[in-house]
Undergrad: 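One structure coming up, written as structure tokens, with questions to follow.
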Amino acid sequence: MSGESCLHQRPPQVPPTLLVSAVTCPKTKTCCQEGTVGNKYVRLNVGGVLHYSTVQVLTRQDGLLKSMFSGKTEVFTDKEGWILIDRCGKHFGSILGYLRDGSLTLPKSRQGIMELLAEAKYYHIQGLIDLCQQAVQDNKQQALCVIPVITSSKEEERLIQGCTRPVVKLLYNRSNNKYSYTSNSDDNLLKNIELFEKLSLSYNGRVLFMKDVIGDEICCWSFYGQGRKLSEVCCTSIVYATEKKQTKVEFPEARIYEETLNALLYETLPVPDNSLLEATRRRAHCGSHSEEEEGVELRERVRHIHIKRYSTYDDRPLGH
């Protein structure tokens, strides 16, 4: 049979219902094919994550994908016909979703938006780039948590008295030290600061968190409820080393959590029920008092908790 007659022979026509599963991308290095139709499905391997999509979707907007599947850019396939794209496949599903619908629900986290923005820039999808950049800008304008920094005692009193929520204050001032620090003090001071930031994010909206950098202590937590001081946790102590005194900073994590939860009892107005207040007051007698006397007693009762205020323990490693 001559070559010319072979060219005129046509294979049996495939039924339309088998078009999606029967047609795959060619196993050559180019995906450009004569007679390619828009509803043809292609198989994509993006960083090990497998996707199916149509040429019509992939070429819907200008960019790298349109260039790849319109024959302008060379593409590579594996032995099974999957088109290889050397990118992280985590957000490629979102890329396809935006190409299909023209809109997209962005990730909730700022990190997720930034990752998607990087992928949108790689594929040159301008609409998605603008959407991600606008979301990043909006996140900058909306702070997750606002923490006032105390600069005067009057300002502190005004904030505490004017706040209807419980108040947690962290005082840290490393320059207040008269002696040298022990080996673990700097790490423990940072742990206290990190816990303060963690609590401020967890209880934002329920508790007012404040930072104090003008107090006399080195590291001290204070807890307030309905305008009065409830308790205080001092994290510094003096240790007597063999040669000289040293200042030690502790990290009483469990105690700080406990006092924060205790402060949440004063979250709502009016004050918690009488039985709860009686249990926390630890009154020594049950005699009758006037309302004014009870108010004075309530204001004066403050739990002062000092973590190893004076100690003879030296936590320096042996040989130092």
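Both backbone and side-chain heavy atoms feed into the values below; hydrogens, waters and symmetry mates do not. What you see is a predicted model; the values in this text were computed from it and never measured. Each residue takes its place number in the sequence, starting with 1.
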Undergrad: If we only count heavy atoms from C-beta on, is the Y266 to R228 side-chain gap below 4.5 Å?
TA: yes
Undergrad: Does a side-chain N-to-carboxylate-O contact under 4.0 Å join E115 and K90?
TA: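 Salt bridge: yes.
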Undergrad: For a 4.5 angstrom cut-off between non-hydrogen side-chain atoms, does K121 reach Q133?
TA: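 SC-SC contact between K121 and Q133 confirmed.
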Undergrad: Should Y257 and L190 be counted in the same cluster of Ile, Leu, Val, Met, Phe, Trp and Tyr side chains packed under 4.5 Å apart?
TA: no
Undergrad: Looking at side-chain heavy atoms only, is the closest gap between I256 and L195 below 4.5 Å?
TA: yes
Undergrad: Does one side chain, of D130 or Q134, offer a donor that lies under 3.5 Å from an acceptor on the other?
TA: no
Undergrad: Going through the distances and angles, do L65 and R60 end up as a side-chain contact (heavy atoms from CB on, under 4.5 Å)?
TA: CA-CA 9 Å; L65 293 174; R60 183 162 292 171; over 6 Å; no
Undergrad: Please determine if E250 and K248 form a salt bridge, counting it only when a charged side-chain N lies under 4.0 Å from a carboxylate O.
TA: yes
Undergrad: What heavy-atom pair brings G227 and Q161 nearest, and what distance separates the two atoms?
TA: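 Residues G227 and Q161, closest heavy atoms: O-NE2, 2.9 Å.
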Undergrad: With a 4.5 Å limit on heavy-atom distance, are the side chains of P252 and C235 in contact?
TA: yes
Undergrad: Could you go through L117 and I129, starting from their C-alpha distance and side-chain angles, then the distance that decides it, and tell me whether this counts as side-chain contact (heavy atoms from CB on, under 4.5 Å)?
TA: CA-CA 6 Å; L117 175 60; I129 294 174; 4.0 Å; yes
Undergrad: Given T182 and N184, is the side-chain hydrogen bond (donor to acceptor under 3.5 Å, both in side chains) satisfied, shown in steps?
TA: CA-CA 6 Å; T182 59; N184 295 330; over 6 Å; no
Undergrad: For the OG1 atom of T236 and the CD1 atom of I238, what is their distance to the nearest 0.5 Å?
TA: 7.0 Å
Undergrad: I need the minimum non-hydrogen distance between K169 and D212, along with the two atoms involved.
TA: NZ-OD2, 3.6 Å
Undergrad: H91 and G112: which non-hydrogen atoms are nearest, and at how many Å?
TA: CE1-O, 3.9 Å
Undergrad: Quick check: is Y98 connected to Y122 through a chain of hydrophobic side chains (ILVMFWY, heavy atoms under 4.5 Å apart)?
TA: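 Linked within one cluster.
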Undergrad: Show me the donor-acceptor pairs within less than 3.5 Å that the side chains of residues 99-107 make with the rest of the protein, sequence neighbours left out.
TA:
none

Undergrad: Would L96 and H51 count as a side-chain contact (heavy atoms from CB on, under 4.5 Å) here? Give the steps.
TA: CA-CA 9 Å; L96 293 179; H51 295 273; 4.0 Å; yes
Undergrad: Could you walk me through whether E217 and N173 satisfy the side-chain contact (heavy atoms from CB on, under 4.5 Å) test, starting with their C-alpha distance in whole Å, then the side-chain angles of each, then the deciding distance to 0.1 Å, before giving a yes or no?
TA: CA-CA 7 Å; E217 292 286 351; N173 191 344; over 6 Å; no
Undergrad: May I ask you to test the M210-V167 pair for a side-chain heavy-atom distance under 4.5 Å?
TA: yes
Undergrad: Who pairs with E157 by salt bridge (charged side-chain N to carboxylate O under 4.0 Å, His left out), at least two apart in sequence or on another chain?
TA: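 Applying salt bridge (charged side-chain N to carboxylate O under 4.0 Å, His left out) to E157 gives none.
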Undergrad: Which is it for W82 and Y52 under the ring-ring contact (aromatic ring centres under 6.0 Å, His included) test, yes or no, and what are the steps along the way?
TA: CA-CA 10 Å; W82 292 86; Y52 282 91; 5.5 Å; yes
Undergrad: Going from CD on E197 to OG on S202, what distance comes out if it is rounded to the nearest 0.5 angstrom?
TA: 11.5 Å
Undergrad: Quick check on the 6.0 Å ring-centre criterion: do Y203 and F209 meet it?
TA: no
Undergrad: When you compare the side chain of I150 with that of V213, does any pair of heavy atoms fall below 4.5 Å?
TA: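 No, their side chains stay 4.5 Å or more apart.
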Undergrad: Considering non-hydrogen atoms only, spot the tightest contact between S70 and T59 and give its length.
TA: N-CG2, 4.5 Å
Undergrad: Rounded to the nearest 0.5 Å, how far does CG of L264 lie from CZ of R165?
TA: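 R165 atom CZ to L264 atom CG measures 11.5 Å (nearest 0.5 Å).
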Undergrad: Say you draw a straight line from CD1 of I95 to OH of Y123; how long is it, rounded to the nearest 0.5 Å?
TA: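 If we round to the nearest 0.5 Å, I95:CD1 and Y123:OH are 7.0 Å apart.
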Undergrad: Taking the basic N atoms (NZ, or NE/NH1/NH2) and the acidic carboxylate oxygens, is any pair closer than 4.0 Å for R255 and E259?
TA: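 The answer is yes: the pair qualifies as a salt bridge.
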Undergrad: Do the numbers put R87 on top of the ring of F92, so that NZ or CZ is under 6.0 Å from the six-membered ring centre and no more than 45° off the axis?
TA: no
Undergrad: Do V168 and L199 have side chains that get closer than 4.5 Å, going by heavy atoms?
TA: no
Undergrad: Taking atom CD1 of I147 and atom CG of L170, what is their separation to the nearest 0.5 Å?
TA: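 Reported to 0.5 Å precision, the distance equals 9.5 Å.
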Undergrad: With a 4.5 Å cut-off on side-chain heavy-atom distances among I, L, V, M, F, W and Y, is there a chain of contacts connecting V57 to L64?
TA: yes
Undergrad: For a 4.5 angstrom cut-off between non-hydrogen side-chain atoms, does N45 reach I83?
TA: no
Undergrad: Can you measure from CG (L171) to CG (N192) and round to the nearest 0.5 angstrom?
TA: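 Between atom CG of L171 and atom CG of N192 there are 11.5 Å.
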Undergrad: Shortest non-hydrogen contact from I218 to L189?
TA: O-CD1, 4.5 Å
Undergrad: When you group the ILVMFWY residues by side-chain heavy-atom contacts below 4.5 Å and let the links chain together, are L84 and V55 in the same group?
TA: no
Undergrad: Taking the six-membered ring for Trp and the single ring otherwise, decide whether the centroids of W221 and Y172 are under 6.0 Å apart.
TA: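 No, too far apart.
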Undergrad: For A263 and L230, which heavy atoms make the closest approach, and how far apart are they?
TA: CA-CD1, 4.0 Å
